[in-house]
**Q** 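Can you read through this structure? Questions will come right after.
Below, chains carry the letters A, B, ... as their sequence lines are ordered, and counting in each starts from 1. Bear in mind that the values here come from a model prediction, so they are computed numbers and not experimental data.
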Amino acid sequence: MSVRVRFAPSPTGFLHIGSLRTALFTYLIAKSGGGKCILRIEDTDQEREVEGAVESLIEILRWVGIVFDEGPHVGGNYGPYTQTERVDIYDKYARILLEKDGAYRCFCTPERLKEMREEQRINKLPTRYDRRCRNLTDAEISERLESGEAFVIRQKMPLDGDVVVYDGIQGEIRFDASHLDDHVLVKSNGIPTYQFANVVDDHLMEITHVTRADEWIPSFPKNVLLYRAFGWDMPEFVHYPVILNKGGGKLSKRHGDVMVEEFRDKGYLPDALVNFCVLLGWHPKDDNEILSFHELERNFDMKSIGASAAIFDTDKLDYFNGYYIRHMLPNDLLSVCLPYLINADLIKAVNDDGFEIVKSGKVVGRNYLEGVVALEQERIKKISDVVGAVDFFFVDELEYAPELLIWKKMTAGEARTNLDNLLKILDAVPVDSWNAAVLEEVIGNHIKSAGLNVGSVLWPFRVSLTGRKASPGAFEVASVLGKEETLRRMGKAIKQV
RNA sequence: GGUCCCAUCGUCUAGUGGCCUAGGACGCUGGCCUCUCACGCCGGUAACGCGAGUUCGAAACUCGCUGGGACCA
């Protein structure tokens with residue numbers, strides 16, 4: 001039987017990082033097993049519908065690389081894939097379950113339930129439904145039904161014995177049936193609860209591996225009992241360990257970013273996020289931790305998912321992001337950087353290939369920008385860092401303290417002289433051979449023949465071009481800047497120092 | 001409070017009774033490279049929660065404790 005798994009989120013508008021990891025593991029189980037991954041929208045518990053939530057969910061998942069074989073947006077043979085469109089189905093199966101004696105109607109009012117709980121609390125008893133309606137006679141039921149009393153449908157739990165369930169990660173788990181509550185399967189308004197809809201859908205959609213986060217383990221025996229009550233074949237259950245925040249608690253907004261959209265906007269690459277998240281609770285057989293999406297699709301192994309919770313610490317995410325940035329093609333890097341540069345008002349798009357430098361009004365091509373961005377490729381950790389890293393390319397007048405031009409213990413006069421001499425030499429370099437390699441050779445020769453310290457020439461030179469203590473190398477910057485602008489910046493520096 | 005789960009460096013983890021004076025990655029750190037930063041390379045730092053047992057031998061198996069977490073209230 002081929003693998004069929006599903007990712008079944010509630011559409012809240014944003015994708016939580018924990019959900020991303022659940023989606024990833026689930027998707028990778030499907031792909032590595034040559035199976036299908038289905039998207040199902042679980043919206044029966046929605047307080048209010050969030051506009052466009054499903055679309056943005058699908059979009060952000062596609063951004064990370066997850067595409068579904070079936071779902072509300074692509075269809076499939078097991079639809080509909082949105083639970084609110086399946087209420088007739090749940091209704092039908094609720095009746096079946098009632099007939100099979102796996103559930104019963106409960107007419108207790110919310111007020112009575114509240115009183116009951118209050119009493120249980122006072123007597124320090126576990127607060128559970130007291131099963132008053134569990135053994136109503138057929139006559140009583142039809143009478144109350146006819147008089148129009150509202151009712152919910154509750155699952156009929158065994159009164160004693162053990163419920164032994166098996167999880168793909170944790171192994172055997174044993175529950176004492178007497179602790180199980182006759183919980184609600186269908187609410188009085190006819191809407192099923194998560195527990196019920198989930199089981200019915202998983203069965204009807206022929207899901208082979210029911211995957212979800214650890215936090216659902218408490219309802220695991222109830223699910224298993226439902227399958228048994230229906231007489232359905234049991235799928236395999238896989239509960240992923242949870243992800244905790246640094247303090248050890250549930251991963252929530254209070255401790256920093258937890259939404260995938262936030263990471264995307266900050267300039268994290270999907271590959272990095274995926275690589276990082278997949279390692280939260282899973283580890284490859286060999287120790288190669290740099291794994292492309294494609295490699296994961298092939299080599300993911302469900303058996304290597306660990307059992308203990310992982311803490312969400314983004315240090316390593318930054319490392320992965322830097323790594324993936326360094327390995328991008330220059331053109332691709334520019335494409336992802338462009339929105340940030342434009343947004344920061346450094347440049348403006350004027351046509352397909354033309355960009356105006358806002359400060360100077362000069363128009364440059366994609367080529368030029370590619371050169372600029374490439375210089376910071378090995379330095380930035382996030383795409384958004386590019387703005388602060390390359391801004392010196394886009395200003396008219398560099399602002400820096402003149403003393404910065406002075407290298408180590410040299411004097412201002414020496415700095416000026418060295419810059420001045422270098423200026424003359426560079427002036428002689430023809431524009432068409434103005435590139436980093438030529439500059440390196442020319443300047444190298446000059447330093448050698450003049451018997452100077454490398455730093456005493458290169459430091460003032462580089463600072464004159466960048467205005468910074470730390471920056472890419474002098475030759476590369478000069479090369480990208482071009483002859484004219486390089487000489488102009490040097491001239492200004494000479495006057496200042 | 002009840003039920004369940006989990007427990008190796010700061011973090012992610014490898015580890016299925018002898019290959020473990022515990023391996024990898026990130027972080028931190030020393031060095032090399034170098035005009036600076038970054039990259040890269042070489043090195044260092046640092047962990048089996050505690051206590052019993054099983055065994056010739058335990059990070060690994062069992063039990064208890066402790067700690068953390070999830071769920072229900």
Side-chain angles (χ1 to χ4, degrees), chain A residues 18 21 117-118 120-121 124-129 163 165 167 169-181 183 213-222 239-251 275-291 303-323 325-327 375-381 385 389 404-408 410 415 418 440 443-444 447 452-477:
Chain A
R21 214 245 348 220
R117 267 185 230 115
E118 199 52 47
Q120 286 168 336
R121 195 167 352 211
K124 291 207 172 15
L125 291 164
T127 47
R128 264 179 288 159
Y129 179 57
V163 182
V165 297
D167 177 74
I169 292 171
Q170 324 230 320
E172 193 178 282
I173 308 175
R174 193 173 287 267
F175 294 86
D176 184 341
S178 66
H179 289 295
L180 265 22
D181 192 8
H183 71 299
D214 224 348
E215 66 206 58
W216 293 104
I217 286 186
S219 60
F220 190 4
K222 301 173 184 178
H239 289 91
Y240 308 135
V242 291
I243 302 177
L244 273 21
N245 67 48
K246 275 195 187 173
K250 206 174 183 182
L251 189 56
N275 203 150
F276 173 71
C277 283
V278 83
L279 256 21
L280 253 28
W282 177 83
H283 201 268
K285 282 270 183 291
D286 58 19
D287 276 328
N288 176 25
E289 294 191 347
I290 301 281
L291 293 152
K303 290 191 201 73
S304 304
I305 300 176
S308 58
I311 288 173
F312 189 68
D313 181 348
T314 53
D315 273 353
K316 202 165 180 173
L317 171 60
D318 284 347
Y319 165 77
F320 279 127
N321 208 47
Y323 178 88
I325 287 173
R326 266 174 262 136
H327 288 78
L375 287 195
E376 293 292 347
Q377 184 159 15
E378 60 188 32
R379 273 164 260 266
I380 58 176
K381 286 263 193 287
D385 293 342
L404 196 59
L405 288 161
I406 301 161
W407 184 62
K408 286 187 179 169
M410 75 195 297
N418 288 355
E440 182 165 5
I443 297 173
I447 291 170
L452 292 164
N453 263 322
V454 177
S456 73
V457 174
L458 289 185
W459 176 276
F461 178 41
R462 190 177 56 75
V463 171
S464 74
L465 303 182
T466 63
R468 292 178 181 221
K469 206 150 54 174
S471 79
F475 309 124
E476 288 79 12
V477 173

**Q** Distance-only, no hydrogens or angles: does the A:R21 side chain make a donor-acceptor pair with backbone N or O of A:L280 under 3.5 Å?
**A** yes

**Q** For B:rC37, give its Watson-Crick or G-U wobble partner with both distances under 3.5 Å, or none.
**A**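 The answer is none; no pair meets the criterion.
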
**Q** Please confirm whether any donor atom in the side chain of A:E289 sits under 3.5 Å from an acceptor in the base of B:rG24, or the reverse.
**A**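 When only heavy-atom distances are counted, A:E289 does reach the base of B:rG24 through a donor-acceptor pair under 3.5 Å.
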
**Q** As a test of reading the structure: which of B:rC35, B:rU3, B:rC39 is closest to the side chain of A:H179, going by heavy atoms?
**A** B:rU3

**Q** Suppose you measure atom C1' in B:rG44 against the same atom in B:rG49; what distance do you get, rounded to whole Å?
**A** 26 Å

**Q** Describe the nucleic acid contact of A:G306 in one word from base, sugar-phosphate, nothing, applying a heavy-atom distance below 4.0 Å.
**A** nothing

**Q** Suppose we define a pair by two distances each less than 3.5 Å, Watson-Crick or G-U wobble; what does B:rU16 pair with here?
**A** none

**Q** Taking any strand in view, what nucleotide pairs with B:rU3 in a Watson-Crick or G-U wobble way, both distances under 3.5 Å?
**A** B:rA70

**Q** Find the partner of B:rA25: check Watson-Crick (N1-N3 plus N6-O4 or O6-N4) and G-U wobble (N1-O2, O6-N3) distances, both under 3.5 Å, and reply none if neither fits.
**A** B:rU11

**Q** Is A:F320 touching bases, backbone alone, or none of the nucleic acid, heavy atoms closer than 4.0 Å?
**A**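 Nothing, no nucleic acid heavy atom in range.
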
**Q** Let me know the distance between OH of A:Y323 and P of B:rA38, rounded to the nearest Å.
**A** 20 Å

**Q** May I have the distance from A:D315 (atom CG) to B:rU13 (atom P), rounded to whole angstrom?
**A** 15 Å

**Q** Base, sugar-phosphate, or nothing: which does A:R128 touch, judged by heavy atoms less than 4.0 Å apart?
**A** nothing

**Q** Quick check: on RNA chain B, is the nucleotide nearest A:L458 upstream (toward 5') of the one nearest A:K381, or the reverse? Name the residue that is more 5'.
**A** A:L458

**Q** On RNA chain B, check which nucleotide each of A:S219 and A:R462 is closest to and give me the residue with the more 5' one.
**A** A:R462

**Q** Among the nucleotides B:rC35, B:rC37, B:rC71, which one has an atom lying closest to any side-chain atom of A:K250?
**A**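 Within the option list, the nearest is B:rC71.
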
**Q** Separation of A:N245 atom CG from B:rG68 atom P, in whole Å?
**A**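 Roughly 14 Å, once rounded to whole Å.
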
**Q** Roughly how many Å apart are B:rG1 and B:rC61, using the C1' atom of each and rounding to a whole number?
**A**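 Straight-line distance between the two C1' atoms is 33 Å.
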
**Q** Contact class for A:K246 vs. all strands (heavy atom < 4.0 Å): base, sugar-phosphate, or nothing?
**A**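 Answer is nothing: A:K246 stays at 4.0 Å or more from every strand.
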
**Q** Say we look at B:rU8 and B:rU29: how far apart would their P atoms be, to the nearest angstrom?
**A** 26 Å

**Q** Applying the Watson-Crick and G-U wobble criteria at under 3.5 Å, what pairs with B:rG30? Answer none if nothing qualifies.
**A**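 Its partner is B:rC42.
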
**Q** Remember a base hit wins even if backbone is also touched, and classify A:A310 as base, sugar-phosphate or nothing at under 4.0 Å, heavy atoms.
**A**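 Touches sugar-phosphate only.
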
**Q** Please examine the side chains of A:N418 and A:M410, heavy atoms only from C-beta on, and report whether any two atoms are closer than 4.5 Å.
**A** yes

**Q** Centroid separation under 6.0 Å, is that true for the rings of A:F475 and A:F461?
**A** no

**Q** Side chains of A:E215 and A:H239 only: does a donor on one sit below 3.5 Å from an acceptor on the other?
**A** no

**Q** Of the nucleotides B:rC4, B:rG24, B:rC39, which one has an atom closest to the side chain of A:E378?
**A**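 Side chain of A:E378 sits closest to B:rC39.
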
**Q** Between B:rG27, B:rU13, B:rU11, spot the one nearest the side chain of A:H283, thanks.
**A**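 Looking only at side-chain atoms, A:H283 lies closest to B:rU13.
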
**Q** Could you tell me whether A:R326 contacts a base, only the sugar-phosphate backbone, or nothing, with contacts defined as non-hydrogen atoms closer than 4.0 Å?
**A** sugar-phosphate

**Q** Output the distance between atom CD1 (A:I380) and atom CG (A:L375), rounded to the nearest 0.5 Å.
**A**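 Between atom CD1 of A:I380 and atom CG of A:L375 there are 11.0 Å.
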
**Q** So what does A:S471 touch, heavy atoms closer than 4.0 Å: a base, only the sugar-phosphate, or nothing?
**A**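 The residue A:S471 makes base contact.
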
**Q** Searching all strands shown, indicate the nucleotide that pairs with B:rC61 (Watson-Crick or G-U wobble; both distances under 3.5 Å).
**A**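 Checking every strand shown, B:rC61 finds its partner in B:rG53, with both distances under 3.5 Å.
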
